[in-house]
Enquirer: 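Quick one: structure below, then a few questions.
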Amino acid sequence: RDHGGMARLFSRNDPDRARQQMVDGQLAARDIDDPRVLAAMATVPRHLFVPPELAASAYEDRPLPIGRDQTISQPYIVAYTVQAMRLGASDRVLEVGTGSGYAAAVLAELCAEVFTIECIAPLAESAGERLARLGYGNVTVIEGDGGLGRPSDAPFDAIAVAAAGPSIPDALVDQLRIGGRLVMPVGRRRGGQHLVRAVRTADGTEVETLLPVTFVPLTGAAGQ
Ligand code: SAM
């Protein structure tokens, strides 16, 4: 008998169980060890952020299509990014690339206020509606070019970019407070991308390369 198949079927019908299996098997079993990050990933209902026909795949170890040639990132990559942002509960953060709104919801579980910018209007609109419906009152979704940041609400304690740019945009570094962290994929449109963390210091930035990744391209003024 196919016990694996039975387990998968059961998980599909039980999103809470599937989500905890994701946290244990894909996150804690790798290098996600921040208890606040693990708790946030165990809380946000990822299956409500994917197209309904893909809900049964929401807790698999991969990105999924969300329309308009865009994706909801792999759970591990979301967890890795937010862990690398070293968030405190009182932090105000900016995300570039709202997509489905999933990562914004994870950020909203971890810090005080989230601003998230999406350049594709229908995605911004549906993410905003979804986040409001799910009760994420501390998230503001903005339609626009996130490469320019959000000067009117800067400075931020941390910034995450969910699309790969050719370099770290100066406009975003300028909107970090001293000590603030920016985590983003940098590299060519296809292949050779790395997640990097830039920490703003009194006299510049300290940049570390963290992990090889594959993201959709950043568009707009600071894009590919
Ligand atoms: N964080 C998202 C989630 O949890 O579903 C996944 C984001 S998806 C990998 C990248 C998103 O960045 C896409 O929705 C894309 O439209 C958006 N994007 C690309 N360039 C952008 C820009 N310059 N400004 C704002 N959004 C941008």
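Atoms within each ligand, like the ligands themselves, are counted from 1 in listed order. What you see is a predicted model; the values in this text were computed from it and never measured.
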Enquirer: Output, or 'none' if empty, a list of ligand 1-protein atom pairs in which both atoms are N or O and the distance is under 3.5 Å, rounded to 0.1 Å.
Expert:
| unit_1 | atom_1 | unit_2 | atom_2 | d |
| --- | --- | --- | --- | --- |
| ligand 1 | 1 (N) | Glu95 | OE2 | 3.1 |
| ligand 1 | 1 (N) | Gly97 | O | 3.1 |
| ligand 1 | 4 (O) | Ala103 | N | 3.0 |
| ligand 1 | 5 (O) | Ser100 | N | 3.0 |
| ligand 1 | 5 (O) | Ser100 | OG | 2.6 |
| ligand 1 | 14 (O) | Glu118 | OE1 | 2.7 |
| ligand 1 | 14 (O) | Glu118 | OE2 | 3.4 |
| ligand 1 | 16 (O) | Glu118 | OE2 | 2.6 |
| ligand 1 | 20 (N) | Thr219 | N | 3.0 |
| ligand 1 | 20 (N) | Thr219 | OG1 | 3.2 |
| ligand 1 | 23 (N) | Asp145 | OD1 | 2.9 |
| ligand 1 | 23 (N) | Thr219 | O | 2.7 |
| ligand 1 | 24 (N) | Gly146 | N | 2.8 |
| ligand 1 | 26 (N) | Cys119 | N | 3.3 |

Enquirer: Mark yes or no for whether Glu143, through its side chain, and Glu125, through its backbone, hold a donor-acceptor pair below 3.5 Å.
Expert: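 Flag not set: sc Glu143 to bb Glu125 has no pair under 3.5 Å.
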Enquirer: Running the 4.5 Å side-chain criterion over Ile, Leu, Val, Met, Phe, Trp and Tyr, what cluster does Leu148 land in, apart from itself?
Expert: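 Answer for Leu148: none, a lone residue.
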Enquirer: Could you tabulate the donor-acceptor pairs under 3.5 Å formed by side-chain atoms of residues 208-218, not counting sequence neighbours?
Expert:
| unit_1 | atom_1 | unit_2 | atom_2 | d |
| --- | --- | --- | --- | --- |
| Glu208 | OE1 | Arg197 | NH2 | 3.1 |
| Glu208 | OE2 | Arg197 | NE | 3.1 |
| Glu208 | OE2 | Arg197 | NH2 | 3.1 |

Enquirer: Within a 6.0 Å radius of atom CZ on Arg68, are there more than 12 heavy atoms belonging to other residues, nucleotides or ligands?
Expert: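 It does not: Arg68 CZ has 12 such atoms or fewer within range.
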Enquirer: For a 4.5 angstrom cut-off between non-hydrogen side-chain atoms, does Val44 reach Tyr136?
Expert: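 Answer yes - side chains close enough.
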Enquirer: Partners of Tyr59 by ring-ring contact (aromatic ring centres under 6.0 Å, His included), sequence neighbours excluded?
Expert: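 With sequence neighbours excluded, Tyr59 shows a ring-ring contact (aromatic ring centres under 6.0 Å, His included) to His47, given in chain and number order.
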